[in-house]
Every structure is written in C-alpha cells, then in structure tokens.
There are 2 protein chains.
Amino acid sequence: MSTPETFSSPAPPFSGPSDCAATASCAKDRIFQTARNLFYRHGIRGVSVDTIAAEAGTTKVTLYRVFSSKDDLIVQVLQDHTRRFWQVWDEVIAPFEGQPRKQIEALFEALKSRICSKETERGCPVANTAIEIVDVDHPATQLIREHHAEKSRRLRALCHAMGARKPDELGDALTLLIEGAFTARVLFASTTQVETVCIAARALLDSALGAPKT
Amino acid sequence: MSTPETFSSPAPPFSGPSDCAATASCAKDRIFQTARNLFYRHGIRGVSVDTIAAEAGTTKVTLYRVFSSKDDLIVQVLQDHTRRFWQVWDEVIAPFEGQPRKQIEALFEALKSRICSKETERGCPVANTAIEIVDVDHPATQLIREHHAEKSRRLRALCHAMGARKPDELGDALTLLIEGAFTARVLFASTTQVETVCIAARALLDSALGAPKT
C-alpha cells in the first residue's frame, strides 16, 4: 500500500533472484526493479544494460526480449515514478476534500517528509533524468515535461480553488519551492534548507499572492 | 566585463583554433573553454576526454600535460563557475550597499533574467554536476557543497541585515526558490514558472518571515 512516505520514492531494493526467475514476466519485473534502483542511485548514464542484466541475475538477451532498448526501460521507469507520484498526491489530498489550502499544506508536509528521508537523498528521479537527458527528441523528454506541466496545473488549480488573490503566480511559486527542495536535497550536506519548505509554502499562502485574510 | 547577465553563464563558445595554438597556456585555455562548454551542453558524463581534445583542436597527450585527469578538469571548470557566480553576485548588490532588501531584489532580478535566457536553458552547471556525481568522495563534491553553503549563508546574512522576523528561515526559503528556478528551467517547456521567481521572492520578503511592516 502506498503512503505519503512513498512520494517519488525509489522502489525497495530488489532482494535477489526469486522462485519465479524462470518466467518471462518475473524476469521483466526483476529487470525493471533493478533498473529503477540503479538508475536512481547512479543516474541513467551511470548504468549500462550489462550491469542491469547482471544485477538482475539475467542476461542481456533476456533483457532485450522484454524491453526493446535502454531508452524503453528509462521511459517505463519514469512512467512508474510519475504514476506513483500522482497516486500519493491523490492519497495525501483525499482527506481534505473541499479544503484546498489544507490540501496544499498536506502536500508540502508529505513532500518534506519524503525529501528529507534517506531514500530520497538523490533528489527527484524524474528531475535528475531531465538533467541527464540533453537530447530534446529523447522519448523521455515529453513525459518529463507533461509530468511537470501537470504538477504546475494541479497547484494552480488548488490555488484557484482556495480563492487566492494571484492563483497562477502562487501556484508557480509553490512549484518552484517543490523543485528547489528536491534539488537542495542533493546540493547541501544536510536537510536544513529542505526542512524550511513547509514554512516557506505557508508564508506564500499567507502572502499577498495567497488567500484574502478573513 | 561581467554583467548581471553572466550569472552562472557558460562561457561563450570557443570560436576555433587561434594564433596562439602553439603555446602550452593557450592550449590549456582552449581545452578549458571547450570542456566548459561541452560539460554544460552535454553533462560531464556525456563528454569524453577524446571529444574535448578533438573539439579543442589538440591531442589527448597535450590535454593530460595540462590537466592531470578529467576530474581535475571538472573541478577547475566548477571553480570557474563558482568564481564567476560570486563576482556577478557582488556586482549586482554593490549599487545597493546598506539596503539589504534591495540587494536581495536585485539578485532575484538578475537571476531571473539569466535563468530565462537561452544560454541558461540547461539550468545551473554546478547543480547539474551535483546530480551527475554520485560518489560523495568525488573531488567536486566538497566544492559543490561549499558553493551552496556559501549561497545559503549569504542569503541568511542579507535577511538578518534587513531585520527580517525569521532571517534564517527566510534565507533558506529564498535559497529553495533559486534552486527551484534553475531546475524548473530544465523541467518545463517554457520559462513561465521561472518568471515567477521575483514575485515569489517579494511575497516571501513581505511575508511573516520577512521584515516587520512599518
């Protein structure tokens, strides 16, 4: 079951070959989880197909039977990250239906908790992949842009729903804070800066961009 | 001469072999500028020493005569980026000596202008290198952390100087906005989100974290 703690989380480390190693779907799943973990820890360019196959306890021939290319694997891993991200997002805001400001605050609390955790010490896997991909025609580029456009769209929508004075600007400012927190997790030796993200979000929500004070 | 427009800028593209190609110091400079540009455009892992030597119109033997390793080149390029960053920072705040809030606003205006420019479409070269380096023992790690710790220290100091209610939290919130703007430049198809960075910074400066309203 997903919890708020799984925001953009890498999957748990693959624990080794299992009983189902002989079947194609299990091999695919094992390769996928191995790639997901290795891509997050070492970056997509820091991991070869040979390494993924070896770490998954399989062969390159098997890998290419279930994934058409390394890029295919990269795209499927990103799709999994974004799917989980929105799943957790929806779970976090669900208890505060009809209270958009509380939904935003709950999102920032969940994000802070996740980003400060040891599992997220490499920051956001989607953003990191964007940094590594320099070719705008890469099949992952569109997916990365759609994911972030959707994040921006949802934050703006919540700001509109809470009756913010400048909902689009507030939504975009909150977007910058989230991306900044993920990046700061990698740039700083401690989580001190990241831990300010909820205080910063609340300050923005209370600011001239936010809700009219009642 | 540096201008605010050079914040974290990649150097101008090297224009090709020059008349001074025969001297060691010119070869070193040419290799350095080539590496600086290639690292920014393709990432440090996307560029081989062979490519740098070829693009600089020299040989690998010459390259290794003036740089001890690719890591040495990476570290020297980062030192150049951080040196320029602080040079521009100091130039931007100089006209507002004794007016810390204006200094912060001037920094955000200069950063916004720089980050939205075509030359900075790959975001921050120092942060990007941090994403690519996965080994904490890499010689660049300490440099990257010191650069960001210094950025955080300076922003907090300006917030203290302006008499902010919560100077450390405000400084850290501004730090997150800056890192978020650099990252957002890579993640989004347009600069819409990045363009909000000054409005967001001003909202934070005016917020409960910022200066007491007079």
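Computed over heavy atoms, backbone and side chain alike; hydrogens, waters and symmetry mates excluded. So you know, we letter chains A, B, ... as the sequences are listed, proteins then strands, and number each from 1.
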Options A/Thr196, A/Val194, A/Leu187, ranked by heavy-atom pairs under 4.5 Å with chain B, top entry: A/Leu187

Spatial distance of atom OG1 (A/Thr192) from atom CD (B/Glu169) [nearest 0.5 Å]: 11.0 Å

Region of B/Arg156 in contact with chain A, defined by heavy-atom distances below 4.5 Å: side chain

Taking every non-hydrogen atom, the tightest pair across B/His148 and A/Phe188: O-CE2, 3.1 Å

Close contacts, residues 130-140 of chain B versus chain A, judged by heavy atoms under 4.5 Å: B/Ala130, B/Ile131, B/Glu132, B/Ile133, B/Val134

Selection from A/Arg145, A/Glu195, A/Glu179, A/Arg45 maximising heavy-atom pairs under 4.5 Å formed with chain B: A/Arg45

Euclidean distance, A/Leu209 CG relative to B/Leu204 CG, rounded to 0.5 Å: 8.5 Å

B/Lys70, NZ atom: more than 12 neighbouring heavy atoms under 6.0 Å: yes

Partners meeting ring-ring contact (aromatic ring centres under 6.0 Å, His included) with A/Phe32 (sequence neighbours left out): none

Partner set under side chain to side chain donor-acceptor pair (under 3.5 Å) for B/Arg154, not counting sequence neighbours: B/Asp90, B/Glu150

Contact origin within B/Ser190 toward chain A - heavy atom pairs under 4.5 Å: neither

Structural part of B/Ala149 lying under 4.5 Å from a heavy atom of chain A: backbone

Straight-line distance of B/Leu176 CG to A/Thr183 OG1, nearest 0.5 Å: 9.5 Å

B/Gln193 versus A/Ser152, side-chain donor and acceptor atoms under 3.5 Å: yes

Partners passing side chain to side chain donor-acceptor pair (under 3.5 Å) against A/Thr129 (at least two apart in sequence or in another chain): none

Interatomic distance, B/Asp206 atom CG to A/Ser207 atom OG [nearest 0.5 angstrom]: 8.0 Å

